[in-house]
**Student:** 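There's a structure below that I have some questions on.
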Amino acid sequence: MVDGVDAERARLARVPGGTNLVEPQQQSRLATLRDALDYQPGIVIQDFFGGTDQPRLSIRGSGIQSNPVNRGVLLLQDGLPLNEADGSFIIGFLEPRNAALVSARRGANALTPGATTLGGELDFVSLTGAQERGRVRAETGSYGRQALQAAVGGVGERFDSRISASSDRFDGYRHHSASSRDSVQANLGFQGDGSFENRTYLSWTDLSFQIPSVVPMDRIASNPRGVMGDGVTAQDQLLNVYKRDPRRAADQLRLANRSRWGSDALRQELGVYWQDTDDLFNNQTNYTLTHSRTVGAQWQASGRPAGEQGAWGWRTGVSWAQSDMQRDLYATGPVNGQQLQRFGAYDLDASNVQALAALDWRVAADWTVVGSVQWSHLTRDAASRTSAAQADQDWTFATPKVGVNWAATPTTRLWANLSRSHEAPTYWEIVSATVAANSPTTASAELVRLAAQRATTLEVGGEGQWGEGVRPVRWSAAAYRSILADELISTTDANGIKVGTYNYRGGTLHQGLELGLAGAQPLLGGVLDWRASWTLSDYRFRGGVYAGKQIAGVPRHLINAELMLRQGAWRVGPNLRWLPVDTPTDHANTPGAEQDGYALLGIKLEWAQGPWAAYLQADNLTDRRYASSYAIRNQATAAQPGYLPGVGRSLTAGVTYKF
């Protein structure tokens, strides 16, 4: 029942704003999430440890302050939310090797009833038995990287099915950075009489990774594979990673079902999902243990009464989600990472009821006006199981949007939109733990009351192609400006460990450009395939104590580019990931504490013939020593542990057999 790439492309063409349509199976390597989403304008992925861990995902600056990375974007699996009802997610549960496509609707361009954040939504749509009979994929690489995936599918008269199993192991570039993930994903589709379609999805993921944590800036150059504990300083002894054993281990079982029926005049879709998640997170000073059960339902309907040529079309939808969580907090022992005393135990109850109504009006042959409004009622109730502490919070709001599409030429579309967005805090912000690294016995926890982050956004842009024939240059461009109130700001202490979240009262500004180019050109008897993206992120404090300063967390410029010369069954060429300017790591923009800009050069060799394909890829050819990410603080110094060294020179190879 899942629509293919062409249907999704047609749906996104009606959205008056920035979107991305990604086909992961066209990538030779899918070792990490960044492999699937690289070269996409507007999507910023910052690696943490280079394995199957928790890279920082940001779209238009939403969720950049979260630690662990867990909010700001609605993640969808086959059109249904993967987030817990409080808005949090574990990004390592995503499996791009099982995705037929990834559809990103940035910012206000989200289409589902539950997407109201500044970042929008990211939908991973599973391959089905009707789309692919099966494949086997094996990958190996530097620093103990091993990956294996096997998938098989089948098609009957009314049914199709597919099951995919994958396993990843990575010893890690840095000390204490091993990671592993095992995943099984299956779906069964049924084609009923008339237009009725139904599909059931089952997935299980077991994710585990060590956390090498942050180091002072000078160690990026002197010992990029090292961690705190490799040195002899007092700071090394206090934050000894080997003894504290920071790590994360999470597993999830998920069951979902979607049905669709009707015609263009009235098409309806009903989806339900259930997921059970266990999560252990040790951040060096405390363990956070969470068990969550989430259930949800989503109904959507759309129609164009006069058919595809009609002037009017409409969409509506309702979604509901409920999460019951039990969260326990334990101090971490400084000798062998054991769990010490429990200092917090909470029952957490999150629920969302959200509704959407949208209308599009074809004013003229080339002009379409699109308007929508979402209504949301969100609750976040928290109660201690060991004391009288309790914090029940709720938010009710509307998020209207209006946009216009102009088909300037048969191959060029321009747009503009104006929107509101809201983001309520997750329990990672509401439940706050304070643990001194040198005094675990004084650990304490509290429940924090926070306002919802709000924004008004203006966006203009377009997409299209230059040239005729089979090799035009495809382009996309979007410029946006968001005025935010009560932005959720999370910071870390002098040791790089999260200490809390607050609403910034001075107002903030997020603005940027998202540009993408891709094309092909005859060269040397073959074809030169090329693609590039540039994401400019200018995020600043408007007033308050940091007025005029850049908000820490996202590089101001991110440029990705790739050139591949295609000759018969072979493709070869270089690629570039470039941060041309330094990025503040603290909101005070302290000189000398910035993440240095860097350029990473790589090269890739691919071969494909019939059902077989193989690749060889080298990354960071110059063995550049750089910080891939960092801890975000209100004020920092270069001497504080705050930087995550990126992976050095590495080699990966893989082979795929498709049947």
Side-chain angles (χ1 to χ4, degrees), residues 5 8-9 12 18-47 50 55-60 73 91 94 96-97 99-106 119-120 122-124 461-466 471-478 512-521 527-537 554-566 571-580 597-606 608 615 617-621 628 646-647 650 652 654:
V5 172
E8 183 65 17
R9 183 174 289 112
L12 296 182
T19 62
N20 308 75
L21 181 56
V22 184
E23 298 178 68
Q25 303 308 318
Q26 292 186 356
Q27 306 305 312
S28 56
R29 188 180 74 176
L30 287 173
T32 65
L33 185 63
R34 187 155 69 84
D35 288 334
L37 299 179
D38 243 355
Y39 311 103
Q40 296 299 318
I43 301 177
V44 177
I45 301 276
Q46 295 170 286
D47 290 331
R56 180 179 284 157
L57 166 70
S58 175
I59 299 178
R60 299 187 174 178
V73 177
I91 199 168
L94 293 171
R97 285 170 296 197
L101 63 89
V102 181
S103 180
R105 283 86 74 167
R106 307 193 300 270
L122 200 59
D123 190 5
F124 283 70
E463 64 180 11
Q465 64 182 50
W466 297 313
R471 298 192 182 99
V473 175
R474 299 178 301 280
W475 64 272
S476 66
L513 296 173
E514 303 161 341
L515 307 178
L517 282 172
Q521 182 70 33
V527 176
L528 182 67
D529 299 317
W530 58 274
R531 54 181 175 168
S533 66
W534 172 37
T535 300
L536 166 64
S537 304
V554 171
R556 184 174 175 85
H557 300 274
L558 174 60
I559 298 171
N560 288 305
E562 179 184 67
L563 298 173
M564 295 292 288
L565 180 62
R566 177 161 29 109
R571 294 176 78 229
V572 63
N575 54 72
L576 169 70
R577 180 177 177 85
W578 185 23
L579 277 66
Y598 62 83
L600 301 181
L601 300 175
I603 191 167
K604 181 165 55 179
L605 174 67
E606 299 177 347
Y615 78 89
Q617 181 166 332
D619 295 299
N620 193 3
L621 286 172
S628 60
V647 177
S650 62
T652 313

**Student:** Would you call Ile59 and Val44 a side-chain contact if the rule is heavy atoms closer than 4.5 Å?
**Tutor:**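 No; the side chains remain at least 4.5 Å from each other.
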**Student:** Applying ring-ring contact (aromatic ring centres under 6.0 Å, His included), can you list everything that pairs with Tyr598, at least two apart in sequence or on another chain?
**Tutor:**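 By the ring-ring contact (aromatic ring centres under 6.0 Å, His included) rule, Tyr598 matches Tyr626.
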**Student:** Would you compute the distance between atom CZ of Arg29 and atom OG1 of Thr652 and round it to the nearest 0.5 angstrom?
**Tutor:**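 Going from the CZ atom of Arg29 to the OG1 atom of Thr652 covers 4.5 Å.
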**Student:** List the atom of Ala618, the atom of Leu621, and the distance in Å for their closest heavy-atom pair.
**Tutor:**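 Smallest interatomic distance, heavy atoms only, reads CB-CD2, 3.5 Å.
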**Student:** Within the structure provided, determine whether Leu517 and Val473 are in side-chain contact (heavy-atom separation under 4.5 Å).
**Tutor:**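 Side chain of Leu517 against side chain of Val473, heavy atoms only: contact under 4.5 Å found.
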**Student:** If you compare all heavy atoms of Ala36 against all heavy atoms of Pro96, which two are closest, and at what distance to 0.1 Å?
**Tutor:**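 Distance-wise, the nearest heavy atoms are CB-CB, 3.7 Å.
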**Student:** For Asp38, give me all partners under salt bridge (charged side-chain N to carboxylate O under 4.0 Å, His left out), at least two apart in sequence or on another chain.
**Tutor:**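 Result, salt bridge (charged side-chain N to carboxylate O under 4.0 Å, His left out) vs Asp38: Arg34, Arg577.
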**Student:** Taking atom types as modelled, find out whether Arg105 and Ser103 have a side-chain donor-acceptor pair closer than 3.5 angstrom.
**Tutor:**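 Per modelled atom types, Arg105 and Ser103 side chains form a pair under 3.5 Å.
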**Student:** How close do Ala478 and Arg60 get, counting heavy atoms only, and between which atoms?
**Tutor:**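 Of all heavy-atom pairs spanning Ala478 and Arg60, the closest is CB-NH2, 4.2 Å.
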**Student:** Could you tell me the separation between the CH2 atom of Trp530 and the CD atom of Gln521, rounded to the nearest 0.5 Å?
**Tutor:**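 Rounded to the nearest 0.5 Å, the CH2-CD separation comes out at 9.0 Å.
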**Student:** Please report the interatomic distance CZ(Arg9) to CD(Glu23), rounded to the nearest 0.5 Å.
**Tutor:**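 Output value for this atom pair is 6.0 Å.
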**Student:** Using side chain to side chain contact (heavy atoms under 4.5 Å, CB included) as the criterion, point out the one residue from Arg571, Arg566, Gln617 that pairs with Glu606.
**Tutor:**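 The residue from Arg571, Arg566, Gln617 that satisfies side chain to side chain contact (heavy atoms under 4.5 Å, CB included) with Glu606 turns out to be Arg571.
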**Student:** Asn620: what forms a side chain to side chain donor-acceptor pair (under 3.5 Å) with it, not counting sequence neighbours?
**Tutor:**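 Per chain and number, Asn620 pairs via side chain to side chain donor-acceptor pair (under 3.5 Å) with no residue.
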**Student:** State which residues pass side chain to side chain donor-acceptor pair (under 3.5 Å) with Arg556; sequence neighbours excluded, sorted by chain then number.
**Tutor:**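 Partners of Arg556 under the side chain to side chain donor-acceptor pair (under 3.5 Å) test: Asp538.
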**Student:** Of all heavy-atom pairs between Ile45 and Pro55, which one has the smallest distance, and what is that distance?
**Tutor:**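 Reported closest heavy-atom pair: CG2-CB, 4.0 Å.
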**Student:** If every non-hydrogen atom of Ala599 is compared with every non-hydrogen atom of Trp578, which pair is closest and at what distance?
**Tutor:**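 The pair with the smallest heavy-atom distance is CB-CD1, 3.7 Å.
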**Student:** Measuring from Asp619:CG to Lys604:NZ, what's the distance to the nearest 0.5 Å?
**Tutor:**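 If we round to the nearest 0.5 Å, Asp619:CG and Lys604:NZ are 9.0 Å apart.
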**Student:** State, to 0.1 Å, how close Ser537 and Pro555 come at their nearest heavy-atom pair, and which atoms those are.
**Tutor:**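 What the structure gives for the nearest pair is CB-O, 3.7 Å.
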**Student:** Supply the atom-to-atom distance Leu563 CG to Ile603 CD1, rounded to the nearest 0.5 angstrom.
**Tutor:**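 Taking CG in Leu563 and CD1 in Ile603, the distance rounds to 10.5 Å.
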**Student:** Hey, does the side chain of Ser533 reach the backbone of Gly516 with a donor-acceptor pair shorter than 3.5 angstrom?
**Tutor:**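 Checked: no pair found.
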**Student:** Which distance, rounded to the nearest 0.5 Å, do you find between the CD of Gln25 and the CG of Leu30?
**Tutor:**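 Separation between the atoms: 6.0 Å.
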**Student:** Answer yes or no: is there a side-chain heavy-atom contact under 4.5 Å between Leu12 and Glu463?
**Tutor:**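 Side-chain contact under 4.5 Å: no.
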**Student:** Can you list the residues that meet the side chain to side chain contact (heavy atoms under 4.5 Å, CB included) rule with Gln40, with sequence neighbours excluded?
**Tutor:**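 Applying side chain to side chain contact (heavy atoms under 4.5 Å, CB included) to Gln40 gives Asn20, Val22, Ile43.
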**Student:** Does any non-hydrogen side-chain atom of Val102 lie less than 4.5 Å from one of Asp123?
**Tutor:**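 Asp123 does not reach Val102 side chain to side chain.
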**Student:** Tell me, please, which residues at least two apart from Trp534 pass side chain to side chain donor-acceptor pair (under 3.5 Å).
**Tutor:**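 Scan of Trp534 (side chain to side chain donor-acceptor pair (under 3.5 Å), adjacent residues dropped) gives His557.
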